[in-house]
Structure formats: C-alpha cells, structure tokens
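Below: the structure, in structure tokens.
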There are 2 protein chains.
Amino acid sequence: MRHMSATQVARLIGVDPAARPYYRALADGVRTLIMDGQIPVRVRMPAERHLAETLKVSRTTVTAAYDLLREGGYLDSRQGSGSWTALPDPAVWPDNPWLSTDGDGLIQLHTAAPAAPAALLAAMTAAVEDLPRHGMGNGYDPMGLPSLRERIAARYTARGAATRPEQIVVTTGSQHAIQLVLGLLVAPGDPVIVESPTYPHAIDAARLRGARLVPVGVSHEGWQPDLVAGAMCQSAARLAYLMPDFQNPTGALMEDPVRAAVVGAARRAGTLLLVDETWSELALDDVPRASPMAAFDTDSRVISIGSASKLWWGGLRIGWIRTTAALARRLTTFRASVDIASPVLEQLVVARLFDQLEETRAERRRSLRAARDALVAGLREHLPQWRFEVPRGGGSLWVRLDGAGSTPLAEAALSHGVRLAPGPWFGLEGTLEGCLRLPFTQPPGLLAEAVVRLRAARDHGHTGAPRPSEPLIAMV
Amino acid sequence: MRHMSATQVARLIGVDPAARPYYRALADGVRTLIMDGQIPVRVRMPAERHLAETLKVSRTTVTAAYDLLREGGYLDSRQGSGSWTALPDPAVWPDNPWLSTDGDGLIQLHTAAPAAPAALLAAMTAAVEDLPRHGMGNGYDPMGLPSLRERIAARYTARGAATRPEQIVVTTGSQHAIQLVLGLLVAPGDPVIVESPTYPHAIDAARLRGARLVPVGVSHEGWQPDLVAGAMCQSAARLAYLMPDFQNPTGALMEDPVRAAVVGAARRAGTLLLVDETWSELALDDVPRASPMAAFDTDSRVISIGSASKLWWGGLRIGWIRTTAALARRLTTFRASVDIASPVLEQLVVARLFDQLEETRAERRRSLRAARDALVAGLREHLPQWRFEVPRGGGSLWVRLDGAGSTPLAEAALSHGVRLAPGPWFGLEGTLEGCLRLPFTQPPGLLAEAVVRLRAARDHGHTGAPRPSEPLIAMV
C-alpha cells in the first residue's frame, strides 16, 4: 500500500506560512495536489502528528485541515488506520450544486423548489390521525391509496380530462414517474424527444435508460408545431417528453390549438407523449384556457405526470401518472422491480391537501407572483443587459446573458454567495451556455439580494474569497 | 349509454332470498354476472332504490352490496350520475397476488410484511412536531437527513461495523436501494450471483438492469462457502446479492467464519457483495453472534442494505445503503436520475423509531415468535407430510411440500381463501416448484386458520367456489 511521508507532503505543498487561516490554506494545498495528480488517490497521508511536526504548526491545525479535506471528500479516514486520499467526488465540487442543501449559507438559485405552504403541517397532523382509520395493514399499496387516486382523478376530470381512479398510479415523486414510464416503454437505443431547454433530471433518466436523445427547441414564445412534428417523424421517436404547462425552464404555455396539433402529429408519427404537468396548477397571470394534453388524446398516446412538489412541497415525494387503466396496471406491476410502493403517510397527507387545493393555490400564486416581480424588478435595475420575457406561470425566468457564459458566471457567483444552475444543465451537448435559469421560488428580499450579488459576479468575476461566513438563510 | 333496469338485473341475478348476509350474496351475484359477461362493463346499474324495490329488500342492503362491488373494483360511481359496471381490475383478481391489498378478504400469506408496531403512531406525531424545528427548506436532501444517517451509522457501529454518517445513503425502501446499486455498478450483461431461493424483487431488479443471473444454492442449513466462491470465480461475477441474516425465504443465518470466508472469496474473485440485511434485527432465538458482513470487509467490497420495513413498517418506505463515503456520494448523485430524494417526514419518523429500537425489537420478537410457533404447531398437526426446519429468525418458513407442486396448491388455496407465494417466485427458470414460503408475519389465530385451509386445499384441490363470504380480516 502506498503512503506519503510528512516530508514528501511538506515538500510538495508550498503553503505560505503566513496564510490565514492556515488550516484552510493547508487543506487547499493538499486538495490542489490531489486534483493535479501530484498526490495520487488512495494513498495514505502522514499522521497528523508527523505532518504538524514537519510543518512546525500545531497538531490541531493539521486536524482542522484534515477535517476540511474529509468534509470535501478528499480524505477517507478509518479509525486506527489513518487517512487516505480519496477520489474528489463531483458531488461536493462547487460546480455540482446538485448535492447542496439549504444549510450551507448560499442563496440557492439552482433549484426551483418552493417552501412548504401553510396548510402542510395541519394536513400532516390530520394524516397521522387518518392512518388507523385508513387501516395500516402491511403498508404496501403499489398502485397508490384509493382515496388519493380518487382525488387525483377528480382533479383531472375538473381540468377537462375525464379520468377514473384506475387510470392513476401514485409514484414517489415525478422523477420516479418519469423513470417508471421510460423503464417500461422505452428500450435502450430508442429515440426519445426532449425539449431544449428541458428539465435536467429527465435527461438523466433518459440517458440512464440508454435512450437516444433528440432535442427540439422551445422558447418563451413556445413550440413550433411543425418542428415538433418533424422531429417525431424524422427520428421515428418512440416517446417525446414535453412540458406544455409553464415549461421548465422557459415558462412557456402551450395553447390549446398547438396541443391538438402536437397530439395529432404524435399519432401520425407513432410517438408516445410523456407530458410532465408538474407546474400546471401554477398560472400566475390570467392565461388562455389550456386543457390537459390528455383531453386531446384519442388513442391512449398521452401519458401524463403530475407532482405534489410545486403546489405543495418537494419533501413529500409524491407524484402520479395518468394513463389507461391497462397501462396503469402494467406500470404498477413493473414498479415491483423499482421501489414496490409509495409511503402511506405521505399519500394521506397529499389526499388531505387536495381537499384544500384552491386555498393553497391562491397562497402559492400570491407568493410566486411577488417573488417573480421582485426578481424582474431587480434584474431590470441592476442587470438591464440581461434579456428575458416575464413568464405567465411556473417558477423561473429563462435569461439570455450578455458577455460571458453562464458556467463562468455560476463559478463567480459562488464566491459571491449565490448558487446557480448554468444553462448547459438544461440542454444536450453543452449547448445553452448563453442562458441561465433564475427561479423565483425564494422570498422577494432574498431574490433582490441575489440580483445585487449576481451583478457583482458578472462585473468582477470570481473574488477568490471563501464562502460568505454568515448563513444567508437568516434573511428568509 | 347503456343501462340495466332493476327488473333485468333481478331476473339475471338468482340470489337465494335466504342467503345471509344477503348484501354479500347480492354483490357476489352481480360480480359473477360481470365476470361471465352477462352484464357488460360500462353499463349503468339500476338506482339502489329501484333495485331494492324490485328485489323486495331494504335500500341499505343494496347500498351495502354496491359498496362492496365498488370496493372490489366492479362498480364506478359518480355523484349524481349513478353507478357503472367497471373493468374488473387485475389488482383485485386472485391470480395476481402482487397487486392485491389487504382488503380483499383473503388470508395474505404471499408477503412477509409485519403490521405496524405500537410505537409508530407516536413517532409519527412526534415527527410532525419535529418538522418545523428540522427546518423544512426546499425538502430535498438526496443523501438523507443527517439526523437519520447518524442513527443508522451508530447502529452499524454498535453491531460491530464502525460507520460514519457520510457512509450512509437513505433510500426509499430497500428495493430502491437494490435498484440504485445495480443501476450504478452493474452493466447490462454483467454476471450477478443470486441465492436460490432468494427475494423475488431482487431478481426483478437484476433482470431490469439486464444482468446475467447466476444462482447459488442456499438451504436452511446455510451456504457452502466453496460453492459460493466457485460461483463467483467461475462466472467472474461483478456482484453477488446475498442475505446472510435470516435469509429470505429460508431463514438461514450465516455464521461469522462463513462470512469471513465469503468476503475473502469475493476479494479474490473481484466480486462486489451486495448484502441485504433487511431481517438482521429479527433474531427470534438465541443465535451465535453474527457480525455485519461489513465488519469483514478490508477493501470496500461490501455494500450493505437495510430497511425499516420489517422491524417497523413497510408503509414507511425507508431503507438505506452503507458503503464508503465516496461511493455513497456517487450513489446520491446517481439517484438524481431515479427519484431525487426520500420523503422528509418518513425520515424523521424513522429517526424517532431508532431512539426506541430495543423496545420495538422486543415487541416484534415476541409477536413473530408466537406467530412462528403457531404456524409450526399447526403444520405439524395438520400437514405433517410437509417438511421444514424452524428458522431462528426472520419472518418465514421454507417448506418442502409432498405431492403436488406449489403452483397448483397456490391456485387451490385461493379458493379456500388463502393467498400464497409459490416456490418458483423465489428462484430462476421455474425451479423450486416443490417448495413454498410460509410467512409468519400474521397473528397466530389467523395462521392457525390458514393451516386448516391449506390442508383442505392440499387434500381437495380447487373447490370452484367463489371467495370466502366473510372477510377474514375480522379475525385479526
């Protein structure tokens, strides 16, 4: 087994002894050596005591540096057997915001996830009370609780697509729904159409399935039916993943005539439509009536996906699929290989929340509208060079940047305390570098502050500063 | 739209007016007519009032019958527009036990899923109170809540495998954990070893991944280390899925020297070990000390899976993976394509339950022991030809049948009101027809009744009778 001696590390490291805090400089030095390949991965590092002696610093300084490296995924320690350099995991890199949580002190503009609504706790308390009445049994209901499927079906019916509970499968969030549908209906190598830009984790799921991705452009103005039709026809697409309701990230809304045209084109091309309606309940302005895509379906081609995440809360992890009763049963059987069933309590919570959907929707609309308006006003004042249209619903702006690309901007923004999702996340093959999604699912005050920081990031680039020391979460 | 008049239904139905309870006989009659095609699907049934008048019974009788039909999926009712016959859903058909729920009146011996423990509701109530304190944020914590990961890690440490919270990923049940590990670490075509018999949905997950399955035998007496080693080596297995702790379905427990030998053999063969410890907390007798497989691991080869389903409740859908910190992070990133994160509230519930693990474990052991003993006594009295060893833990007996195979037995048992999981479910390529898993996760009285019915099914085969008229759930 390989190891590095304290002398070897000290020779390589070259940290300025005056650097403050020294432990951080030391950790940065080691990290850089690992990243540059000068200290290989899976090598035993010197004992803290030895390194401290060699560097002539206190042992607690080395301990703090090792802790920092461990936190960052650059060291693995086992009790009694020392510390080993580790594969620096993409998960903890600044440019992989995916793993970040709320608690790291940054303004989180990489997700478009609203906070929980006022009604949530009461619904949870009521659901715990419902549970014994519901009958707890063995806890497995692979298709979903009937009481929840009834409410979901009734909501589709109210929105214009008559639906029976047997047509609904409750899933563990909409991502799980996407995965189930792709897993059952798409074979590796099948062509699958995705919008560009689109929801990044749908791309992940389609890649995982081995699908061949075919992008079709969408802008704030929406879809070109002939382009969508052409893409389906020319690629002989097995399935097209579309978000006609306040498309993520553009916010575009597909109007009814376009819906009818797209469903018709899918029929002619033999393409299934996987329609993600995650944002469908969150129109923010008065918009033209948009019926569910399923309302235009004449031959069981439209599979709809919904979610509790945006109207209520992402932490619930409840979504659903609407399709034919027969396919709903096949999906239910198929999920035995995937996750068996969804949690009972969360389903009871969401059933409760459906009973006061309108109140929550009104609350959500008010807060999203205020947040959107604050973000728009801030951008117009501080970053007038950035271009965007104000979306009529959903949770994000799709911004066209001036000058530098969104990847360097996202890196610079981190040093200004803002976490961004750069444009290429939303597209295939590194495109969309000139674009940026800015969600407005945070409170207006935080968004106003974020814009000021974004301007600083744009104007001055990376400060080289460590992260802000005060957790900005206190501003919420 | 088609409809049936009360007179037409009354003419078809031919229920003995003396049948008791009459509402059930009436429901059975209508169901049979639908199943036989004499009443088509999507036909409007007469109003309850009219049918009651025609049959000369009370309206509440007809209401109860319609309720029963609705419950069974044979009727669809919409407020104000009457009741419609419905597609009898495979979900409620006797021959697709996977989709069945508790409510169909059969004794459910196809799953080994214990009912919720006494502590569950209090833990749920406490978790709802914890939630605001926990900070609700955007609800996404893809690796799992730190408070839960700490408890899971501490439990591994207490059991003999020192573990840090960074090594734990919380999953949405153990099936999801299996799917994540296979999805990230196994490529289509890779050889994967499974025990024979094994957990059916692990086979499903490996097939979904496109793995080449290699069975290795296990019996109540346990594993032959040289066979396991030979299988790993000869097949060049990428991964072996093992259940050393009260193996499902045999109940076998792998003793420490065998564990060490298997881990050593895996190291030599270059095979990863996916160790499913779902039943590890549920020793029922005094057993030799068995350390977690991870305790024998010297080169990060053992990936362990745990679950809240057996000790606590399957309806929680919480499981976890224990591995290296680096792989835990890769799995977390990977799950973005699968389900993003697990529900927050359920994680808080399980964290609470961990704090009183010993009490629940004692309660569970008492009840599983009583159930096991009732099942064993019943079988010895009524079916002495069936052979089995009494397992020292877990939740099921693995029975060797005499005479007819377990598939015809399972079909016959249905007509006697018992739902079974026949042997071939637990193996590859239709093997294990001479075996049957009998879980003892139901109450002793129900198991005693089940044995009497199983004897009848064995002795007399299929009765051709409809389902038992009284829901046996009332016996619980």
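When reading the values below, keep in mind they use all heavy atoms of this one structure, side chains included, and skip hydrogens, waters and symmetry mates. Throughout, protein chains are lettered first and strands after them, A, B, ... in sequence-line order, and every chain is numbered starting at 1.
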Using 0.5 Å steps for rounding, measure from the [atom1] atom of [X] to the [atom2] atom of [Y].
X         : Y         : atom1 : atom2 : result
Gln167(B) : Asp76(A)  : CD    : CG    : 7.5 Å
Gln179(A) : Ser337(B) : CD    : OG    : 7.0 Å
Tyr140(A) : Ser309(B) : OH    : OG    : 3.5 Å
Ile340(B) : Ile178(A) : CD1   : CD1   : 8.0 Å

Sort [X] into side chain, backbone, both or neither according to what part of it lies under 4.5 angstrom from a heavy atom of chain A.
X         : result
Leu180(B) : neither
Ser342(B) : backbone
Arg164(B) : side chain

Requested in this report: Start with the C-alpha gap between Glu346(B) and Leu345(A), add the side-chain angles, then the distance that decides, and say whether side chain to side chain contact (heavy atoms under 4.5 Å, CB included) holds.
Outcome: CA-CA 8 Å; Glu346(B) 316 290 311; Leu345(A) 184 59; 3.5 Å; yes

[X] versus chain B, the contacting section by heavy-atom distance below 4.5 Å:
X         : result
Ile318(A) : neither
Ser174(A) : neither
Arg209(A) : side chain
Gln175(A) : both

Query raised in the report: Residue by residue, which of residues 122-132 of chain A have a heavy atom closer than 4.5 Å to a heavy atom belonging to chain B?
Result: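 Answer by number: Met124(A), Thr125(A), Val128(A), Leu131(A), Pro132(A).
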
Based on non-hydrogen pairs under 4.5 Å, which of [options] is most in contact with chain B?
options                                    : result
Leu121(A), Thr172(A), Leu316(A), Thr171(A) : Leu121(A)
Pro114(A), Ala177(A), Gly315(A), Ala328(A) : Gly315(A)
Ala113(A), Pro165(A), Pro146(A), Ala116(A) : Ala113(A)

Query raised in the report: Take atom CZ in Arg70(A); do more than 12 heavy atoms of anything else shown fall under 6.0 Å from it?
Result: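 Enclosed.
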
Report task. Could you note down all residue pairs passing salt bridge (Lys or Arg N to Asp or Glu O under 4.0 Å) where residues 117-126 of chain A supplies at least one of them, sequence neighbours left out? Result -> none

**Report entry** Among the listed options Ala205(B), Ala202(B), Gly319(B), Gly314(B), the residue most often paired with chain A at heavy-atom distances under 4.5 Å
**Finding:** Gly314(B)

Report task. Would you check if Trp313(B) and Pro343(A) make a side-chain contact, meaning some heavy-atom pair closer than 4.5 Å? Result -> no

Query raised in the report: Do Arg335(B) and Asp204(A) meet the salt-bridge criterion of a basic N to acidic O distance under 4.0 Å?
Result: no

Query raised in the report: Taking the side chain from Arg317(A) and the backbone from Asp339(B), do they hold a donor-acceptor pair closer than 3.5 Å?
Result: yes

